[in-house]
There are 2 protein chains.
Amino acid sequence: MRENIYLQIYNEYSNQIHSGQLLPGTKLPSESELAEAYNTSRETVRKALNLLFREGYINKIKGRGSFVLDMTRMDFPVTGLISFKEMADTLGAPSRTLVEETVLEPAGAALARQLQIPLDTPVWKVIRAREIEEERIILDKDFFRSDIVPFLSAEIAEGSIYEYLEVKLGLKISYAKKLISVEPSTEEDHRLLDLKKYTHIVVVRNYVYLENTVLFQYTESRHRLDKFQFVDFARRVRR
Amino acid sequence: MRENIYLQIYNEYSNQIHSGQLLPGTKLPSESELAEAYNTSRETVRKALNLLFREGYINKIKGRGSFVLDMTRMDFPVTGLISFKEMADTLGAPSRTLVEETVLEPAGAALARQLQIPLDTPVWKVIRAREIEEERIILDKDFFRSDIVPFLSAEIAEGSIYEYLEVKLGLKISYAKKLISVEPSTEEDHRLLDLKKYTHIVVVRNYVYLENTVLFQYTESRHRLDKFQFVDFARRVRR
DNA sequence: TAGTGGTCTAGACCACTCA
DNA sequence: GAGTGGTCTAGACCACTAC
């Protein structure tokens with residue numbers, strides 16, 4: 001059960017940076033020194049450092065060295081949607097997930113198009129409202145192809161669906177595409193959320209693909225305007 | 001003036017995929033075959049393929065090979081904000097950039113905090129409204145540290161500021177962080193944009209850092225709700 | 001000039017997929 | 001068992017930074 005060397009180096013440094021043991025501006029040992037210290041080759045060290053670089057932990061400057069970046073200024077997560085759990089944790093506020101619906105039903109026209117499947121193909125539908133501080137502010141509508149996810153339940157939906165898919169079902173998720181826009185709120189939004197006066201809602205459409213490039217999940221995450229936040233971190237790409 | 005081998009391979013394949021010469025599902029030659037074809041080593045080929053993989057051009061599956069992904073389903077750009085120019089191009093609609101202001105002025109309290117500089121430090125401010133189909137729908141407010149960007153003008157602001165910074169001034173941009181949220185629209189928004197009835201506006205805050213980790217630019221891009229769109233593409237990370 | 005990261009090589013062994 | 005991508009090695013030369 002030996003871990004890859006480069007992942008080991010990556011994990012050690014990311015943890016140290018994350019925990020504050022390595023302060024921003026600190027210069028890391030040179031690649032040659034690290035190779036010697038970890039008793040490995042320089043290319044393997046570079047693999048680890050490039051991961052740290054891409055994820056925003058360090059900066060690499062030719063001729064100078066690698067330096068720890070200030071991630072506290074970045075307020076985590078470095079990239080992606082502020083998840084429901086993180087938002088609740090940050091606020092230190094009481095939070096709940098309310099499973100409204102978990103049913104297997106034939107896909108309608110709109111959904112069939114989103115999931116790129118024939119009309120009326122059976123699809124698992126999971127609808128959950130997210131509540132923070134007694135207010136329902138996010139509506140998550142998940143749809144799964146039933147030929148790939150044969151079974152779901154309210155119990156699974158209350159926990160982590162992803163752990164179920166990856167660990168229990170062994171599905172290999174390869175990539176996902178998010179599409180963010182703002183749209184007029186629907187009657188359903190008003191029924192299931194505490195929308196207050198807001199006439200519009202932030203819609204995050206998420207398309208999840210397996211390793212074999214099959215689109216198996218479509219998720220619509222609908223956020224009340226005032227509680228929405230998204231963070232994106234990008235390294236400059238040369239070309 | 002020899003281009004890196006791995007970038008050459010990357011460019012050839014990304015162009016072929018982009019232009020449709022290589023159809024989705026096509027299997028690329030194996031890494032060993034590519035190494036021989038390009039008269040290089042396998043590790044160099046892998047560098048090119050991993051770039052293609054990270055950018056969503058191909059899928060790599062252990063034991064099977066590398067396959068072209070369907071990027072048309074992703075509607076470009078694969079990631080990031082739909083830029084003003086792309087939006088205009090997609091719509092095939094007439095568009096304009098209206099430079100409202102280009103001045104050097106001392107930073108107020110809010111801006112000094114955003115740029116992490118002392119109060120009243122001189123800062124270049126550029127305000128531009130973006131018009132598509134006769135409607136002003138985006139307000140871009142750019143702020144640059146004047147010790148790093150000593151001069152700006154309305155002429156530069158009308159063209160590409162980034163080309164000016166990178167080519168003319170030789171600034172090395174390292175990374176940027178975006179923060180997206182929705183906020184009540186201000187009096188300035190209403191004055192400079194055609195906001196219609198909308199009471200809220202999508203705010204994209206962009207923090208741009210140089211290679212030496214100095215934050216030198218802060219941009220606020222304010223989008224009318226109904227015209228905003230953001231796309232995010234993410235590979236699944238193992239850990 | 002010494003030290004750094006960026007590119008590249010020519011091998012090697014492994015884990016996985018598929019016929 | 002043949003072929004594939006994933007990891008790793010022990011070198012090499014180069015471009016850039018700093019002193």
Side-chain angles (χ1 to χ4, degrees), chain A residues 1-11 13 25-54 57-69 170-172 174-175 210-214 235-239, chain B residues 1-11 13 25-54 57-69 170-172 174-175 210-214 235-239:
Chain A
M1 195 55 201
R2 181 169 136 290
E3 193 184 28
N4 291 336
I5 301 175
Y6 81 93
L7 279 183
Q8 183 195 324
I9 300 175
Y10 167 82
N11 285 328
Y13 273 94
T26 307
K27 185 175 180 299
L28 299 191
S30 75
E31 297 179 347
S32 322
E33 285 168 348
L34 284 172
E36 190 156 1
Y38 282 89
N39 194 27
T40 184
S41 68
R42 208 186 125 209
E43 281 290 1
T44 298
V45 168
R46 282 179 57 72
K47 217 162 163 179
L49 293 190
N50 281 330
L51 245 187
L52 291 167
F53 173 79
R54 281 209 299 277
Y57 285 100
I58 65 171
N59 212 12
K60 307 184 77 182
I61 309 181
K62 187 193 287 194
R64 297 227 285 136
S66 299
F67 302 85
V68 176
L69 285 180
L171 292 182
K172 292 189 186 171
S174 175
Y175 54 96
L210 298 178
E211 199 176 62
N212 56 7
T213 75
V214 167
R235 310 274 359 176
R236 180 79 177 142
V237 274
R238 65 226 151 282
R239 192 117 343 122
Chain B
M1 195 55 198
R2 182 168 136 289
E3 194 183 28
N4 291 336
I5 301 174
Y6 81 93
L7 279 182
Q8 185 195 323
I9 300 175
Y10 167 83
N11 286 327
Y13 274 94
T26 306
K27 184 176 180 300
L28 298 191
S30 74
E31 296 179 347
S32 323
E33 286 169 348
L34 283 172
E36 190 157 0
Y38 283 89
N39 194 28
T40 184
S41 68
R42 208 186 125 210
E43 281 290 2
T44 298
V45 168
R46 283 178 56 72
K47 217 162 163 178
L49 293 190
N50 281 329
L51 246 188
L52 291 167
F53 174 79
R54 282 208 299 278
Y57 285 99
I58 65 171
N59 212 11
K60 308 184 76 181
I61 310 180
K62 188 194 286 195
R64 298 227 285 134
S66 299
F67 302 85
V68 176
L69 285 180
L171 294 182
K172 293 188 186 172
S174 176
Y175 54 98
L210 297 178
E211 199 176 62
N212 56 6
T213 75
V214 168
R235 309 279 353 179
R236 180 78 176 144
V237 274
R238 66 225 149 280
R239 193 120 343 123

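In the text below, chain A, chain B and the rest are named by the order of the sequence lines, each starting its count at 1. All figures in this text were calculated on a predicted structure; none of them were measured in a lab.
The shortest distance between the side-chain N/O atoms of S41(B) and the OP1/OP2 oxygens of dG11(C) is not below 4.0 Å. Proximity of S32(A) to the phosphate of dT4(C): no side-chain N or O atom is located under 4.0 Å from OP1 or OP2. Close to dC8(C), at under 4.0 Å from its OP1 or OP2, lies no side-chain N or O of Y6(B). A sub-4.0 Å separation between OP1 or OP2 of dT4(C) and a side-chain N or O of S30(A) is present.
Taking the side chain as every heavy atom from C-beta outward, N50(B) and K60(B) approach each other to under 4.5 Å. R54(A) has its side chain within reach of R54(B): a pair of non-hydrogen atoms, C-beta onward, lies under 4.5 Å apart. Two residues are said to be in side-chain contact when any heavy atoms from C-beta on lie closer than 4.5 Å; Y13(B) and L28(B) meet this criterion.
One interatomic measurement links the two molecules: CZ of F53(B) to C1' of dG5(D), which rounds to 11 Å at whole-angstrom precision. Rounded to whole angstrom, the span from the CG atom of L34(A) across to the C1' atom of dG5(C) amounts to 12 Å. Distance, E43(B) CD to dG11(D) P: 17 Å, rounded to whole Å. Remark: C1' of dC8(D) and OH of Y10(A) are 20 Å apart, rounded to the nearest angstrom. Between N50(A) atom CG and dT7(C) atom P there is a gap of 9 Å when expressed in whole angstrom units. Here dG11(C) presents its P atom at 17 Å from CD of E31(B), a figure rounded to the nearest Å. For the pair N4(A) CG and dT9(D) P, the interatomic distance rounds to 11 Å; values are reported in whole Å. Atom CG of L7(A) is separated from atom C1' of dG6(D) by 11 Å (rounded to the nearest Å).
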Give me, pair by pair, the N or O atoms of the protein and of nucleotides 13-19 of chain C that are less than 3.5 Å apart, along with how far apart they are.
from: dC18(C); atom 1: OP1; to: R64(B); atom 2: NE; distance (Å): 3.2

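Going from atom CD1 of I9(B) over to atom CG of L52(B) covers 9.5 Å, rounded to the nearest 0.5 Å.
Using a 4.0 Å heavy-atom cutoff across all strands shown, S66(A) reaches sugar-phosphate atoms only and no base atom.
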Applying side chain to side chain contact (heavy atoms under 4.5 Å, CB included), run through F53(A) and N59(A) and close with a yes or a no.
CA-CA 6 Å; F53(A) 173 79; N59(A) 212 12; 3.8 Å; yes
Run the side chain to side chain contact (heavy atoms under 4.5 Å, CB included) test on L49(B) and Y6(B) for me, step by step, so that the C-alpha distance in whole Å, both residues' side-chain angles and the decisive distance to 0.1 Å come before the verdict.
CA-CA 8 Å; L49(B) 293 190; Y6(B) 81 93; over 6 Å; no
Passes side chain to side chain contact (heavy atoms under 4.5 Å, CB included), L7(A) versus L51(A)? Steps please.
CA-CA 9 Å; L7(A) 279 183; L51(A) 245 187; 4.1 Å; yes
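Set against dG5(C), dT9(C), dT7(C), the side chain of T40(B) has dT9(C) as its closest nucleotide.
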